[in-house]
Amino acid sequence: MKMPATGKTKDQVSSEIQEALANDADWRGGKIWSLVYFAGDDVADVLRDAYSRAIYTNGLGPGAFKSLQKFESEVIAMTANLLGHPDAVGNMTTGGTESILMGVKAARDRALDERDVTAPEMVLPITAHPAFDKAAQYLGVKPVHIPLRDDLRADVDAARDAITADTVLIVGSAPNYPFGTIDPIPELAALAEERGINCHVDACLGGFLLPFLPRVGHEVPPWDFSVSGVSSISADLHKYGYSARGSSTIMYRDRGLRRHQFFAQTDWPGGLYGSPTMTGSRPGGAIAASWAVLNFLGEDGYTRLADDIMKTTTALTEGINAIPELKVLGEPDMSVFAFTSDVTDIYAVTEALEKAGWHPDRQQLPPSLHLMVTPVHGPIIEPFLAALRDAVAESAGGKPADGSRAAFYGMLGTVEDRSIVRNVIIDFIDKLTQVESEVA
Ligand SMILES: *Cc1c(COP(=O)(O)O)cnc(C)c1O
C-alpha cells in the first residue's frame, strides 16, 4: 500500500477511523475484561481535553515545557504519597513495561556499581509479569523463577534458596496479573535488605487501587514503601489511575537508588544528552492527562470508584463460586482474579461464552479464565453470570472443542517444547503489521 497521492478530507479520514473503531471489541459494554479502564464519560472528557491541549509538548525537553515539569513532578509527588512514602522519587514512563525495565536496570546498575556484579540474576515468582522476562532479555539479567505456595503467593523459602552472590533484584507483585494475589512483600523485601540488593514491587495493577481499599472496607496485606526493604515500585496510571494510555510511574525509595536508572551521553556532536527513562521523546499529552485525572477525581473520586469495583468483584466471585462446576483460584486481594473447573473443560466454557458475545481471557498453568473488573462491569454482573451458567451447562453436554482458538490454546499449553510455542507467537506478531488486503 502507498499513501494516497492527494490527501483525503478531514471528514473522510474521520469517518474511516470511526468505521475501523466500530469493529473493535465492545469495551464500553463490559464485554472484555482487560486492556481498557474506563471510569466514565466525565473522566473521558477531562482526559481528552488535557491530552489534546498538550498534544505537541514533549517530555524530552523540560526546559522548553515547564508545564510538563510541573505536571510530572506533581503526579510523582501525589503517587509517592499514595505509596506510603512522601519522600519517594520517580519518573513517569509510557507504561508498566517501561517502568519495569527501568526498575530492573536500576537494580542491575546498583549491583554493578556497589558490588561489581557482572553476571546479574534476578529472583521472581512465576506469576511476575512477562515484562520482567523481557527486561531480563533486553538487559542481560538472568531470570530465576520461583514457584508459588498453595495460596498462589510467592514461596519465600524458594526465593531464599534461589538467591546467589550475583542476585541483584527480588521481585514481588501487588497483585500479580494471573491470580490477583499479593506476594508476601515484607518477607521478600527483608531478603533483599539483608543482602543490600533491590526489591521491586510490581504494583502496575494495584498502585492506584490498593491505597483506596481500606477506606471501603477491604484490608490489604502490606505491599508499599511502608514495608522496609522495598526499593522500587511500578504503578500504572493508565490502569486503575484511569489516565490515557501511555502513562505509568517508576518510583524509588530515595534519589540514590534512582540515579542508577538515568542515562547520560557527553560526546555526541548533537550536544550533551541526558534522559531519565527508556524513551527519548515522551508524550506530553499522557503526562498532562495523568495530572488532570488525579486532580479531577481526587481521593474521593478514586475511593468511590474503588467501592464500585469491589462491590462488583464480590458479586462476581460469589456468583462464580455458587456455580457448582466452577471455583475462583486462591483468595484474590483486589479486583483481578481467575476461575477454573475441576469437572468440566474450562476452554469449552470459554468457547460457549464467546458464542454468546463475551470475551474473557484464557490463561494456562492451570487452564482458567481471567477477569479484571472495572467500572463498566457493574451493570453486567447478572447478564454475565447468566451467560456463564449457560456456558457451563452447554459445555457439560460434552461438545468437543473444535479446532478453534480454545482448542489451539489448550493444545499449546501442553506442548513440552516451549521453543515451538515461542515460534508460533513470534510468527503471529510478525503477521500483525501486514496490510490485510496484501496478506498472501
Ligand atoms: C499491565 C501490567 C504490567 C505491564 O504494563 P503495560 O502497561 O502493559 O506495559 C506489568 N505488571 C502487571 C501486574 C500488569 O498488570
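The basis for the numbers below is simple: all heavy atoms, side chains too, and nothing from hydrogens, waters or symmetry mates. Just follow the structure's listing: the first ligand is 1, and inside any ligand the first atom is 1.
Asn198 places no side-chain N or O within donor-acceptor distance of the main-chain N or O of Ser231, the cut-off being under 3.5 Å. A donor-acceptor pair is defined here as one N or O able to donate and one able to accept, closer than 3.5 Å; such a pair exists between the side chain of Asp26 and the backbone of Gly29. Asp333 places no side-chain N or O within donor-acceptor distance of the main-chain N or O of Val220, the cut-off being under 3.5 Å. Judged by distance alone, the side chain of His260 and the main-chain N or O of Leu257 form no donor-acceptor pair under 3.5 Å.
Looking at His129 next to ligand 1, no N or O pair under 3.5 Å apart turns up.
Contact between Met372 and Trp33 at its shortest, heavy atoms only, is CB-O, 3.0 Å.
Ranking protein heavy atoms by distance to atom 11 (N) of ligand 1, first place goes to Asp202 OD2, 2.6 Å. Nearest to atom 6 (P) of ligand 1 among the protein's heavy atoms is Gly96 N, 3.5 Å. Shortest contact from atom 1 (C) of ligand 1 to any protein heavy atom: Lys239 NZ, 1.2 Å. Of all protein heavy atoms, the one closest to atom 9 (O) of ligand 1 is Thr97 OG1, 2.6 Å.
The side chain of Ile100, and not its backbone, has at least one atom closer than 4.0 Å to an atom of ligand 1 (non-hydrogen atoms only; side chain from C-beta on). With a 4.0 Å cut-off on non-hydrogen atoms, Ala131 does not touch ligand 1 at all.
Under the ring pair (Phe, Tyr, Trp, His ring centres under 6.0 Å) rule, Tyr242 has a single partner from Tyr37, Phe296, Phe38, Tyr302, which is Tyr302.
Near Tyr177, the atoms of ligand 1 lying under 4.0 angstrom from a non-hydrogen atom of the residue are 15 (O). The Leu205 neighbourhood of ligand 1 comprises atoms 15 (O), with distances under 4.0 Å to a heavy atom of that residue. Near His238, with a cut-off below 4.0 Å to any heavy atom, the atoms of ligand 1 are 7 (O). Residue-ligand proximity, Asp236 to ligand 1, at heavy-atom distances under 4.0 Å covers atoms 5 (O), 7 (O).
Applying the side-chain hydrogen bond (donor to acceptor under 3.5 Å, both in side chains) criterion to Asp133, with sequence neighbours excluded, gives His145.
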Acceptor/donor pairs from residues 167-174 side chains to any protein atom, 3.5 angstrom cut, sequence neighbours excluded:
residue, atom, partner, partner atom, Å
Thr167, OG1, Thr164, N, 2.8
Thr167, OG1, Thr164, O, 3.2

